There are 2 protein chains.
Amino acid sequence: MKPRHGHISESCRPISEVLSRIGDKWTSLIITRLSQQPMRFNELKRNVHGISQKVLTASLRALERDGFVERTVFPTTPPTVEYRLTPFGEELAEPLTALTRFALTNAARMDAARAAYDTKHGEPMPDAAPKYKPQQLRLN
Amino acid sequence: MKPRHGHISESCRPISEVLSRIGDKWTSLIITRLSQQPMRFNELKRNVHGISQKVLTASLRALERDGFVERTVFPTTPPTVEYRLTPFGEELAEPLTALTRFALTNAARMDAARAAYDTKHGEPMPDAAPKYKPQQLRLN
DNA sequence: TGGTTTCATAAAGGTGCCTCCTTGTTTGCA
DNA sequence: TGCAAACAAGGAGGCACCTTTATGAAACCA
């Protein structure tokens, strides 16, 4: 199999494709939430701020299909659906909760870095990027 | 500040936005590579399979701006540019290398889960999804 | 009767990321 | 002279992801 999109993982699926699945922001947020406790659809929707019903449905479907989440339908009226991490999902939760914690605790630091960078190089504007010139390559 | 897109991190930047930056597949691959050793542009391009020159340039620029990577230009002819992780970048490398390792070691397991799911529910095709009906909600 | 709950889905339109191809400049080498 | 190396950037077009709005069905309640 030709390594078009990345290192060949054990299944020949490009590593970049796997990473784009598990590194996805909604995946991180959903998995991190479910690692705390199983939840129903609307609970998740309220807890994962900013996610739409549609995106939540699609994300949960994908997570179920990948084997990270199991879905239980209860015969209530109307039916209620519970989502819970599988053991596989709990394994994924480990690096993801670490990543989410990093995001929570380091956003200000990123902001400061961006401000410093912009002060030095100018804001990333359409006309602010000079043309590449070897002798004038962006010198620090 | 209104929490439109996620939990409010300490900088008021939505957590989902921070996660979409640091969880990005190219970020993962680049940071993981640089955590092994500093690299020049073309070294990185060869090592991060599947990335285009353009995407690599943009990704490195963003990583530099966020404070994770530092860029050193050497006055060779033509100029060569070296990228290395900052201490902040090394902190991010920890959860990211764990995530990348997970991706490398669990792709086959995801494939197996998908195959099992599709066997049970049918392949995700445009016409394979039945209309929502509470009494017939996807029962497992 | 109308409204609500629950969760999956459809359609239309917008945006961002990415691919592919190209340009640019200086130096060194065949 | 032509080509290669090095690395940043531009443009056109395609595709995936997302937002917004709406639909659907059974039961319950005012």
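All of these numbers come straight from a predicted model, not from anything done at the bench. A, B, ... follow the sequence lines: proteins, then strands. Residue 1 opens every chain.
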Would you please say whether a donor-acceptor pair under 3.5 Å links the side chains of A:R33 and A:Y83?
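Checked: A:R33/A:Y83 side chains show no N/O donor-acceptor pair below 3.5 Å.
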Donor + acceptor pair across side chains of B:T100, B:T32 (<3.5 Å)
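Judged by distance alone, the side chains do pair up.
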For [X] and [N], what is the distance between atoms [atom1] and [atom2] respectively, to the nearest whole Å?
X	N	atom1	atom2	value
A:E43	C:dT5	CD	P	15 Å
B:F74	D:dA6	CZ	P	14 Å
B:F41	D:dA4	CZ	C1'	17 Å
A:I51	C:dC7	CD1	P	14 Å
B:E17	C:dT15	CD	P	17 Å
A:H49	D:dT19	NE2	C1'	19 Å
A:L56	D:dC17	CG	C1'	15 Å
B:D24	C:dG16	CG	P	15 Å

Does [X] put a side-chain nitrogen or oxygen below 4.0 Å from OP1 or OP2 of [N]?
X	N	answer
A:R61	C:dC7	no
B:R71	D:dA8	yes
B:N42	D:dC7	yes
B:W26	C:dC17	no
A:S52	D:dC18	no

Nearest-nucleotide wise, let me know which of A:V55 and B:L60 is further upstream toward the 5' end of DNA chain D.
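Here B:L60 is the residue nearer the 5' end.
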Any Lys/Arg nitrogen of [X] or [Y] sitting under 4.0 Å from an Asp/Glu carboxylate oxygen of the other?
X	Y	value
B:R84	B:E90	no
A:D24	B:K25	no
B:E64	A:K120	no
A:R65	B:D118	yes

Compare the minimum distances between each of [options] and the side chain of [X], then state the nucleotide with the smallest one.
X	options	answer
B:Y83	D:dA8, C:dT26, D:dA22	D:dA8
A:P78	D:dA9, C:dT6, C:dC7	C:dT6
B:R40	D:dA6, C:dT6, D:dA9	D:dA6

Pick out the pairs of N or O atoms, protein on one side and nucleotides 11-14 of chain D on the other, that lie under 3.5 Å.
| residue | atom | partner | partner atom | Å |
| --- | --- | --- | --- | --- |
| D:dG11 | N7 | B:K54 | NZ | 3.4 |
| D:dG11 | O6 | B:K54 | NZ | 2.6 |

Using 30° and 60° as the class boundaries, would you call the ring planes of B:F68 and A:F102 parallel, tilted or perpendicular?
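Correct class here is tilted.
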